[in-house]
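Read the structure below first, then the notes.
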Amino acid sequence: MFTISSAQEKQCTILISFDGFRWDYLNRNLTPTIDSLAKQGVRASSLEPVYPSKTFPNHLAIVTGMYADNHGIIQNDFLDDQTQRRFKISDTVEVRDARWYRGEAIWETARKNGKISASYFWPGSELNEEQRHPNYFERYDMKRPYQDRINGVLKWAALPVAQRPDIITLYFDATDTQGHAFGPHSPQVNGAIAQLDSVMASLIAGLRKLKITDSTNIILVSDHGMTDVDISRTIVLENILKGEQYQTEWSGPTVLLRSTNGRDNQIVDLLRKKMQHASVYMKSEFPEYYHFSCNEMIYPVIIAADLGWQVKANALTKKDSVNFDHGNHGFDNHQMDMQGILIASGPAYKTNYTSGTLKNIDIYPMLCKVLKIGPNPNADGKLERIGFILR
Ligand code: AMP
Ligand code: ZN
Ligand code: ZN
């Protein structure tokens, strides 16, 4: 079946996400391992997320090559009016329900083409339909020690070639978790950056031990960046919309709103007159460059806070002030603070190559090219915007 040389030639691509790892965290002199990986391969000056710059919409954008409008996961938490069901990342039943997911993830495309895929965590990797999840996967457990995740990936990478994955995903939350709690400039975030660099060192050492570094591509990305927020920069809608009847979804950088008595236009006018530090749009006129106005689950009014500001439906409570985060994301995806990272190294990638900003939706067609399979034609991502980083 497989000769030794074909076994050695089989490439394995490992796609790793460091949640909330802002583009400039690499400039803090805390990442010797990632720096040398970048030198051996490609480093993009930043990776542009899709709107809204949140975890699930962006991890799905990366693996499907689609904007949130199209892959359907418009937030970490949203309501389907038709069924009255709510998608919520803490609700494992909903997170695993394939009906929410409208895109084709790279592992589905891989399976259709006879390739083997695996995931040691990734949003959307646990779907309850056989052909729509990776061949091997682990159910998300935030508390799973990072070294266990590395060991799991190395175990897959060491499988006999007929079972070895062509593509593996891997996920770590540390920079996001510390970034929310303490802000992007905190010592805690710096600690998380250093921790993740040593996680990379451990993975690379493991690959070296297996003697498969030459046939392994490593693509390190993040889903979005992080910016400083403060409770004093909060906009409270009920203070502005006294007497109006409406429902809202979400709080923070983006809030969706709908009038319950047909006054969406009047509410937009009122907010435009009275609200500072945020922009308000009818969904139908939300600028095209956000690619966030087609999905039927988006309410008719979109309120988007300026960078560092946050919108809330109701007045702040005592609990809000105790629990208030110091960092957040979800803002305009073109803002520099919302940009993530992309580093790619291995036999498929150019060496010592620095590119400008890349778009995360273009990663899917690039992965298809590396795996030598045809992409889903409905993807929004384009190989021509990223293909130049390949060898
Ligand atoms: P965000 O609110 O956008 O910062 O989302 C980050 C959160 O997503 C982190 O607390 C992670 O624990 C969580 N998360 C990441 N991957 C998954 C997953 N596969 N399933 C459920 N939750 C996840
Ligand atoms: Zn995230
Ligand atoms: Zn986050």
Side-chain angles (χ1 to χ4, degrees), residues 15-23 25 47-64 68 71 73-78 86-98 100-101 105 107 118-128 132-134 136-146 149 152 168-184 186 188-189 192-193 196 220-229 249-255 308 310 323-331 333 335 337-342 360:
L15 173 66
I16 306 161
S17 165
F18 287 172
D19 199 320
F21 199 106
R22 196 167 80 177
W23 68 280
Y25 289 177
L47 185 66
E48 184 184 297
V50 300
Y51 191 85
S53 46
K54 288 280 187 179
T55 296
F56 262 60
N58 276 284
H59 279 87
L60 268 299
I62 292 167
V63 293
T64 64
H71 67 56
I73 306 299
I74 58 165
Q75 247 290 13
N76 295 336
D77 178 339
F78 58 95
R86 181 172 285 280
F87 180 92
K88 206 173 181 183
I89 65 172
S90 54
D91 182 339
T92 47
V93 173
E94 299 300 339
V95 160
R96 292 172 191 166
D97 192 329
W100 292 108
Y101 299 82
W107 40 80
S119 170
Y120 213 115
F121 304 159
W122 197 276
S125 63
E126 303 172 34
L127 305 204
N128 57 7
R132 299 196 64 197
H133 61 67
Y136 322 132
F137 68 98
E138 289 283 326
R139 297 200 186 283
Y140 186 62
D141 170 12
M142 191 181 176
K143 295 207 170 76
R144 184 80 47 87
Y146 287 3
R149 307 180 194 193
I168 303 174
T169 70
L170 176 60
Y171 167 88
F172 301 95
D173 66 284
T175 32
D176 183 72
T177 302
Q178 301 304 326
H180 281 294
F182 303 103
S186 61
Q188 288 86 347
V189 162
I193 296 168
L196 292 178
L220 171 62
V221 297
S222 57
D223 52 347
H224 51 71
M226 187 68 69
T227 200
D228 293 293
V229 292
E249 272 283 304
W250 317 337
S251 64
T254 310
V255 168
Q310 304 197 85
N323 297 334
F324 210 83
D325 283 342
H326 292 281
N328 207 359
H329 52 89
F331 297 94
N333 56 317
Q335 288 269 2
D337 274 7
M338 293 299 105
Q339 307 291 303
I341 55 166
L342 180 140
N360 72 1

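Indexing begins at 1, ligand by ligand and atom by atom, following the structure's order. All values below come from the heavy atoms of this structure, side chains included, with hydrogens, waters and symmetry mates left out. Just so it is clear, the structure is predicted and the values come from calculations on it, not from any experiment.
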- Which distance, rounded to the nearest 0.5 Å, do you find between the CG of D176 and the CG of N328? 8.5 Å
- Task: Can you measure from CD1 (I193) to CZ (R22) and round to the nearest 0.5 angstrom?
- Result: 9.0 Å
- Item | Sole candidate of K54, K88, R86 that passes side chain to side chain donor-acceptor pair (under 3.5 Å) when paired with D77 | R86
- Task: Show which atoms of ligand 1 fall inside a sub-4.0 Å distance from at least one heavy-atom site of P123.
- Result: 16 (N), 19 (N)
- With heavy atoms of H329 as the reference, note each atom of ligand 1 found under 4.0 Å away. 1 (P), 3 (O), 4 (O)
- Item | Parallel, tilted or perpendicular, as decided by the 30° and 60° cut-offs, for the rings of H180 and H329 | tilted
- Task: Report yes or no: do D19 and H59 form a side-chain donor-acceptor pair below 3.5 Å?
- Result: no
- Step-by-step side-chain contact (heavy atoms from CB on, under 4.5 Å) determination, H326 to D228: CA-CA 6 Å; H326 292 281; D228 293 293; over 6 Å; no
- Task: Return the option from F137, Y140, F121, F56 holding the heavy atom at the smallest distance from atom 12 (O) of ligand 1.
- Result: Y140
- Show all protein N/O/S atoms under 2.8 Å from the Zn ion (ligand 3), or state that there are none. D176 OD1, D176 OD2, H180 NE2, H329 NE2
- Item | Ring center gap for Y140 and Y171 short of 6.0 angstrom | yes
- Message: Checking contacts here: is it the side chain or the backbone of H59 that comes within 4.0 Å of ligand 1, counting heavy atoms only? Could be both or neither.
- Response: neither
- Message: Quick check against the 3.5 Å criterion: does Y25 have a side-chain atom that pairs as donor or acceptor with the backbone of G340?
- Response: no
- Closest to atom 10 (O) of ligand 1 among protein heavy atoms sits M142 CE, 4.0 Å
- For ligand 1, indicate whether the residue D176 contacts it via side chain, backbone, both or neither (heavy-atom separation under 4.0 Å). side chain
- Query: Where is the nearest protein heavy atom to atom 13 (C) of ligand 1: which residue, which atom, and how far?
  - Reply: I89 CD1, 3.9 Å
- Which bit of N76 is near ligand 1, meaning a heavy atom under 4.0 Å away: side chain, backbone, both or neither? side chain
- Query: Counting both backbone and side chain atoms, is some N or O of H180 under 3.5 Å from an N or O of ligand 1?
  - Reply: yes
- Query: N/O to N/O below 3.5 Å, does that happen between D173 and ligand 1?
  - Reply: no
- Task: Please examine the side chains of T177 and F182, heavy atoms only from C-beta on, and report whether any two atoms are closer than 4.5 Å.
- Result: no
- Task: Say whether Y171 and ligand 1 are in contact under the criterion: heavy-atom distance to a ligand atom below 4.0 Å.
- Result: yes
- Query: Of all the non-hydrogen atoms in the protein, which one sits nearest to atom 6 (C) of ligand 1, and at what distance?
  - Reply: T55 OG1, 3.3 Å
